[in-house]
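See below for the structure under consideration.
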Amino acid sequence: FSCLDKKSLLNCTLVCQKWNFIIGSSAQTMKNFTLNLDSTKIDLIDRDFRSQRKHINVHIHLEKEFEKGFDMLKQFDVSQTRRISIHRYQDSLGIETLSRIISRMRLLEDASLILNKVEVKGKTKVKMLNLPKFKRIRLYPVTSNALKLFNPKQVEEMRIEESPVDDDIKKLLSFMKNAEKLKILRVNKSTFKAIFKQERKFSFQLTAIDMLYLRSALSAEVGENFNKFLLTQPNIKVLNLNGLENIPDAVHRTILNRLK
């Protein structure tokens, strides 16, 4: 079964209950499927059919009825889930709900959080989750409260796609300073400028930097600090400045020296 494409696998699940069970209980085959939770689209028949499977990829996109979607998620086996995508951009999401969702996914490796705001009520203590295999996180925008759920020492790749506010930048920098294993950093223009507005020292050694939507010139100060940072990163193999205009001379020289 592991050699079949998605369409063929779907056809095979209809042959008999045994084949459906084998395909649905294997991480190797289920990685081809995504469990899409949307309260307006999932009907009872589909829900019962999918609840028997071990879901590797889960996508939740619920704006107005998130709690209903969360209740639906309880009916599915997410013990083998490696990737989670949560999209709720119109309203805020409580940190307790987010924690309950992710804590069930002990094998989680990758989280994509497209959230407008993550709220922490009163004096609620946010507990870092035990996710031994976790290594990739995407934030759109930076929701610093969400970062409290993850251990920065495990993160190998970060992607930030919308400009964070000042308080979130401070918490993001604090998270990054403890991200010892971080290898790949993908950031947008505003986040990049905020990070290198001052000279920064980090413990990680990057292999790739990817600037998202960075179609503008850098100030001399940001360029100088970025150059100092580059000089501390001997392992960088990929540097995508994505249309950056007027690259500062110091950065230009550093890049040319690396190419030699």
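- K133 contributes atom NZ, which lies 11.0 Å from atom CZ of R106 (distance to the nearest 0.5 angstrom).
- In this structure, CG in N257 is found 10.5 Å from NE2 in H252, a value given to the nearest 0.5 Å.
- Criterion: ILVMFWY side-chain heavy atoms under 4.5 Å apart, direct or through other members. Under it, I102 and L107 are not part of a common hydrophobic cluster.
- Between the side chain of R200 and the backbone N or O of I195 there is at least one donor-acceptor pair closer than 3.5 Å.
- Residues R159 and E157 are not paired through a salt bridge, judged by the lack of any N-O separation under 4.0 Å between the basic side chain and the carboxylate.
- I86 and M128 fall into different hydrophobic clusters, where Ile, Leu, Val, Met, Phe, Trp and Tyr side chains are chained together by heavy-atom contacts under 4.5 Å.
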Exercise for the section: Show the numbers, then the answer: is there a side chain to side chain contact (heavy atoms under 4.5 Å, CB included) between L98 and L115? Expected result: CA-CA 11 Å; L98 183 60; L115 303 171; 4.3 Å; yes
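- Contact between N225 and K197 at its shortest, heavy atoms only, is ND2-O, 3.3 Å.
- A distance of 10.0 Å separates OG1 of T191 from CD of E161, quoted to the nearest 0.5 Å.
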Exercise for the section: Please report the C-alpha distance between I95 and L149 in whole Å, then the side-chain angles of each, then the deciding distance to 0.1 Å, and finally whether the side chain to side chain contact (heavy atoms under 4.5 Å, CB included) criterion is met. Expected result: CA-CA 9 Å; I95 190 70; L149 297 176; 3.9 Å; yes
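- A salt bridge links R186 with D210: the distance from a Lys NZ or Arg NE/NH1/NH2 to an Asp or Glu carboxylate oxygen falls below 4.0 Å.
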Problem - Check against ring-ring contact (aromatic ring centres under 6.0 Å, His included), F192 and F226 - result: CA-CA 9 Å; F192 174 78; F226 178 55; 5.0 Å; yes
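- Hydrophobic clustering of Ile, Leu, Val, Met, Phe, Trp and Tyr side chains at less than 4.5 Å, counting indirect connections, keeps I255 apart from L231.
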Exercise for the section: Take R138 and I114 through the side chain to side chain contact (heavy atoms under 4.5 Å, CB included) test and state the conclusion after the steps. Expected result: CA-CA 8 Å; R138 175 195 175 201; I114 306 173; 3.7 Å; yes
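- Ion pairing of K228 with E224 is present here, as a side-chain N (NZ or NE/NH1/NH2) and a carboxylate O approach within less than 4.0 Å.
- In this structure, the separation between CG on L230 and CZ on F196 is 7.5 Å, given to the nearest 0.5 Å.
- Judged by distance alone, the side chain of T254 and the main-chain N or O of A250 form a donor-acceptor pair under 3.5 Å.
- Using a distance-only test at 3.5 Å, with no hydrogens or angles considered, a donor-acceptor pair links the side chain of Q233 to the main chain of L206.
- Contact of the F202 side chain with the M176 side chain is registered, since non-hydrogen atoms from C-beta on lie closer than 4.5 Å.
- Side chain of N227 to backbone of G223: no donor-acceptor contact under 3.5 angstrom is found.
- Checked by atom type and distance alone, the side chain of S103 pairs as donor or acceptor with a backbone atom of S99 at under 3.5 Å.
- F150 is listed as a side-chain neighbour of L131, based on a closest heavy-atom distance under 4.5 Å.
- Rounding to the nearest 0.5 Å gives a distance of 10.5 Å between OG1 of T97 and CD of E119.
- A salt bridge links K153 with E180: at least one charged nitrogen is closer than 4.0 Å to a carboxylate oxygen.
- Put simply, the side chain of E109 reaches to within 4.5 Å of the side chain of K135, judged on heavy atoms.
- Here the side chains of V238 and I184 are not in contact, with every heavy-atom distance at 4.5 Å or above.
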Practice task
Could you walk me through whether D110 and R136 pass salt bridge (Lys or Arg N to Asp or Glu O under 4.0 Å), step by step?
Solution key: CA-CA 5 Å; D110 187 321; R136 284 185 296 273; 3.0 Å; yes
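- Atom OG in S190 sits 11.5 Å away from atom CD1 in I160 (nearest 0.5 Å).
- Side chain of T207 to backbone of N235: no donor-acceptor contact under 3.5 angstrom is found.
- When all heavy atoms of A179 and F204 are compared, the pair lying nearest together is O-CB, 3.2 Å.
- When all heavy atoms are compared, the tightest approach of K177 to S203 is O-OG, 3.3 Å.
- Taking hydrophobic clusters as Ile, Leu, Val, Met, Phe, Trp and Tyr residues chained together by side-chain heavy-atom distances below 4.5 Å, V222 shares a cluster with I236.
- For the pair D168 and L172, the minimum side-chain heavy-atom distance is 4.5 Å or more.
- Relative orientation of the H87 and H59 rings is perpendicular, given thresholds of 30° and 60° on the angle between their planes.
- Between I137 and L147, some side-chain heavy-atom pair lies under the 4.5 Å cut-off.
- The closest side-chain heavy-atom distance from I209 to F229 is below 4.5 Å.
- When only modelled atom types and interatomic distance are considered, D77 and S79 share a side-chain donor-acceptor pair under 3.5 Å.
- A heavy-atom distance below 4.5 Å is found between the side chains of V187 and M211.
- R83 places no side-chain N or O within donor-acceptor distance of the main-chain N or O of T81, the cut-off being under 3.5 Å.
- In the hydrophobic cluster analysis, where Ile, Leu, Val, Met, Phe, Trp and Tyr join through side-chain heavy atoms closer than 4.5 angstrom, M158 is grouped together with L129.
- No donor-acceptor pair under 3.5 Å is formed between the side chain of N178 and the backbone N or O of P152.
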